[in-house]
Amino acid sequence: MSATMPAGRLNLRTLEFAVEEVPVPTPGRGEVLVKVEAAGVCLSDIHLIDGSLRLPGNELEKVTLGHEVAGTIAELGEGVPDVFAEGQRVLLLAGMACGKCANCVRRRPGCLHGLTRGVEFDGGWAHYTLARMETVYPIPDSLPIEQAAIIPDAVSTPYAAITHTAGLRPAQSAGIWGVGGLGAHGVQLLRFAGAAPIVAVDPLPHARERALKLGADVALDPMAADFRQQVLAATDGRGLDYAFDFAGVPAVRTQADSVLARDGALVLVGLSGQALSIPNDTAFSAGRHRVLGHYGGLPVHLEELIKLAGHGRLDFSASISGRLRFEDAAEAVRQLAEKVNDPIRLVLTPDGV
């Protein structure tokens, strides 16, 4: 193993991003050194770089980005049980417990301030990364490593929003605003969960075409003059039981609320950092509408997705839009930020193939 490695590093104070040579880390007690075979490039990474996403209280000066990580165990630290072994294929949770809050100190579930990989500690845009053993999840040989890498966020976030936060049942109608990295998986997962009909909403024609290929029943332009009428026609005049905002745009929430069925819910998955407003509280209350906030996923969702994808119930091979080397992380950032070839997920790999 070489003494140093290239890593995609962000200066959290100046917001300068560059690939730098850094030491290969050594696992401490309870830690695992993972040889990264695939790491997803997420829109959250772009927002960290452009400064629109800032986490308060983060005292790091620089951090290696990358919260979607899969690879093989290269070395075990002291105290790691023998359920782990060198060479084992694994993916990593996108975060970990802080270890300092009251729940953590008292060894109770429900950390009050989880830490995010690639934001509050070094992530996977490098040839090797460290992980606490409780964040390491073995994966079967049947699960391709690149698909495994994107599960911790791009897949688990919409999966948890649909199955946990919304608690969607088969035959309930659902709309998705924004068919990008999260929304594209949201369409697939709604289909898997039995939603009917599935209405995809995106201003870009190619995104609407993609939604139909992934399983949406209808794909609509939000700017259409008869948008509301089209949604009502698709839902037999009822409106949507659930409207998922994957775009994180205030105007989306207003439009989504306007086409909810009675007792319908707006689920906020995309984050804008802006105030949430209700244009007409009388109509909102009369329709018994609800707003449900959602953020990330839980370990149980990761376990379920590993099993489902490992047994072939879910296939995310079409989500891998391109592969680049770790040394080319800046180019991957550019391509995603500029939506070159409309990627769902770009992944960084050791050799770019």
Side-chain angles (χ1 to χ4, degrees), residues 40 42 68 70 91 93-94 137 139-202 207-220 231 234-235 238 240-247 256 261 264-270 292 294-321 343-345 347:
C42 176
E68 297 182 338
L91 62 76
L93 271 177
Y137 284 72
I139 57 175
D141 292 339
S142 57
L143 179 54
I145 203 75
E146 293 170 346
Q147 292 187 47
I150 67 173
I151 284 177
D153 182 19
V155 179
S156 67
T157 294
Y159 177 81
I162 293 165
T163 64
H164 180 74
T165 298
L168 179 138
R169 301 188 306 276
Q172 289 187 304
S173 59
I176 279 189
W177 273 254
V179 193
L182 292 178
H185 295 122
V187 171
Q188 290 176 270
L189 292 163
L190 281 172
R191 186 87 179 190
F192 177 78
I198 301 168
V199 179
V201 183
D202 199 291
R208 297 197 295 273
E209 292 173 10
R210 176 167 65 198
L212 292 172
K213 291 178 181 178
L214 291 173
D217 297 290
V218 180
L220 303 179
V231 173
T235 57
R238 291 188 64 255
L240 297 168
D241 293 311
Y242 290 100
F244 294 88
D245 172 19
F246 283 96
L266 169 62
V267 185
L268 306 181
V269 185
L292 304 175
H294 178 79
Y295 189 82
L298 301 172
V300 64
H301 302 131
L302 206 66
E303 294 169 356
E304 292 171 358
L305 285 165
I306 290 171
K307 183 177 292 186
L308 290 167
H311 284 283
R313 301 300 189 271
L314 294 169
D315 179 6
F316 302 109
S317 56
S319 298
I320 310 303
S321 306
I344 296 178
R345 260 307 183 266
V347 293

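Hydrogens, waters and symmetry mates play no part in the numbers below; they use all other heavy atoms, side chains included.
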Student: I'd like to check the ring-ring contact (aromatic ring centres under 6.0 Å, His included) partners of His164; sequence neighbours left out, ordered by chain and number.
Tutor: His301
Student: Do Leu240 and Thr235 make a side-chain contact, defined as non-hydrogen atoms from C-beta onward lying under 4.5 Å apart?
Tutor: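 A side-chain contact under 4.5 Å exists here.
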Student: For the CG atom of Leu182 and the CZ atom of Phe244, what is their distance to the nearest 0.5 Å?
Tutor: 12.5 Å
Student: So do the side chains of Lys307 and His311 get within less than 4.5 Å of each other, counting heavy atoms only?
Tutor: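 When only atoms from C-beta onward are counted, His311 and Lys307 do touch, with a gap below 4.5 Å.
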Student: For the CD1 atom of Ile145 and the CD1 atom of Ile150, what is their distance to the nearest 0.5 Å?
Tutor: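 If we round to the nearest 0.5 Å, Ile145:CD1 and Ile150:CD1 are 12.0 Å apart.
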Student: Are the side chain of Arg210 and the backbone N or O of Val179 linked by a donor-acceptor pair below 3.5 Å?
Tutor: yes
Student: Let me confirm one number: the CG-CD distance from Asp153 to Glu68, rounded to the nearest 0.5 Å.
Tutor: 5.0 Å
Student: Taking all non-hydrogen atoms of both residues into account, name the closest pair between Gly180 and Ile344 and its distance.
Tutor: O-CG2, 4.5 Å
Student: Run through His185, Arg345, Gln147 and flag the one making a side-chain hydrogen bond (donor to acceptor under 3.5 Å, both in side chains) with Ser319.
Tutor: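 Only one of His185, Arg345, Gln147 forms a side-chain hydrogen bond (donor to acceptor under 3.5 Å, both in side chains) with Ser319, namely His185.
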Student: Which heavy atom of Gly297 sits nearest to which heavy atom of Ala160, and what is that distance?
Tutor: CA-CB, 3.9 Å
Student: Say you draw a straight line from CD1 of Ile320 to CD of Glu146; how long is it, rounded to the nearest 0.5 Å?
Tutor: 5.5 Å
Student: Could you tell me which non-hydrogen atom of Ala256 sits nearest to which non-hydrogen atom of Ala243, and how far apart they are?
Tutor: CB-CB, 3.7 Å
Student: How many angstroms lie between CG in Leu266 and CH2 in Trp177, if you round to the nearest 0.5 Å?
Tutor: 8.5 Å
Student: List the atom pairs, donor and acceptor, that lie under 3.5 Å between side-chain atoms in residues 169-176 and the rest of the protein, sequence neighbours left out.
Tutor:
unit_1: Gln172; atom_1: OE1; unit_2: Arg169; atom_2: N; d: 2.8
unit_1: Ser173; atom_1: OG; unit_2: Gly239; atom_2: O; d: 3.4
unit_1: Ser173; atom_1: OG; unit_2: Asp241; atom_2: N; d: 2.9
unit_1: Ser173; atom_1: OG; unit_2: Asp241; atom_2: OD2; d: 3.2

Student: Taking side chain as C-beta onward, heavy atoms only, is Arg191 less than 4.5 Å from Asp217?
Tutor: yes
Student: For residues Leu292 and Leu268, determine if any side-chain heavy atom of one lies less than 4.5 Å from a side-chain heavy atom of the other.
Tutor: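 No. Closest side-chain heavy atoms not under 4.5 Å.
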Student: Using a 4.5 Å cut-off on heavy atoms from C-beta on, say whether the side chain of Val269 contacts that of Asp245.
Tutor: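 Contact flag for Asp245/Val269 side chains = no.
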Student: Locate the shortest heavy-atom distance separating Pro197 from Ala234; write the atom from each residue and the value.
Tutor: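 Minimum heavy-atom separation between Pro197 and Ala234: CG-O, 3.3 Å.
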Student: Between Leu314, Leu143, Leu308, Thr157, which is the residue that forms a side chain to side chain contact (heavy atoms under 4.5 Å, CB included) with Ile151?
Tutor: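 Result: among Leu314, Leu143, Leu308, Thr157, Leu143 is the only option passing the side chain to side chain contact (heavy atoms under 4.5 Å, CB included) with Ile151.
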Student: How long is the span from the CD atom in Glu303 to the OH atom in Tyr137, to the nearest 0.5 Å?
Tutor: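 Result: 5.0 Å between the selected atoms.
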Student: Measure across Gly186 and Ile162 and return the closest heavy-atom pair with its distance rounded to 0.1 Å.
Tutor: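 Closest heavy-atom pair between Gly186 and Ile162: O-CD1, 3.7 Å.
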Student: To check you understand the geometry: which heavy-atom pair defines the closest contact between Ala184 and Leu214, and what is its length?
Tutor: O-CD1, 3.6 Å
Student: Would you call Pro152 and Leu93 a side-chain contact if the rule is heavy atoms closer than 4.5 Å?
Tutor: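 No, side chains not in contact.
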Student: Report yes if the side chains of Pro144 and Phe316 come closer than 4.5 Å at any heavy-atom pair, otherwise no.
Tutor: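 Not touching, per the 4.5 Å side-chain cut-off.
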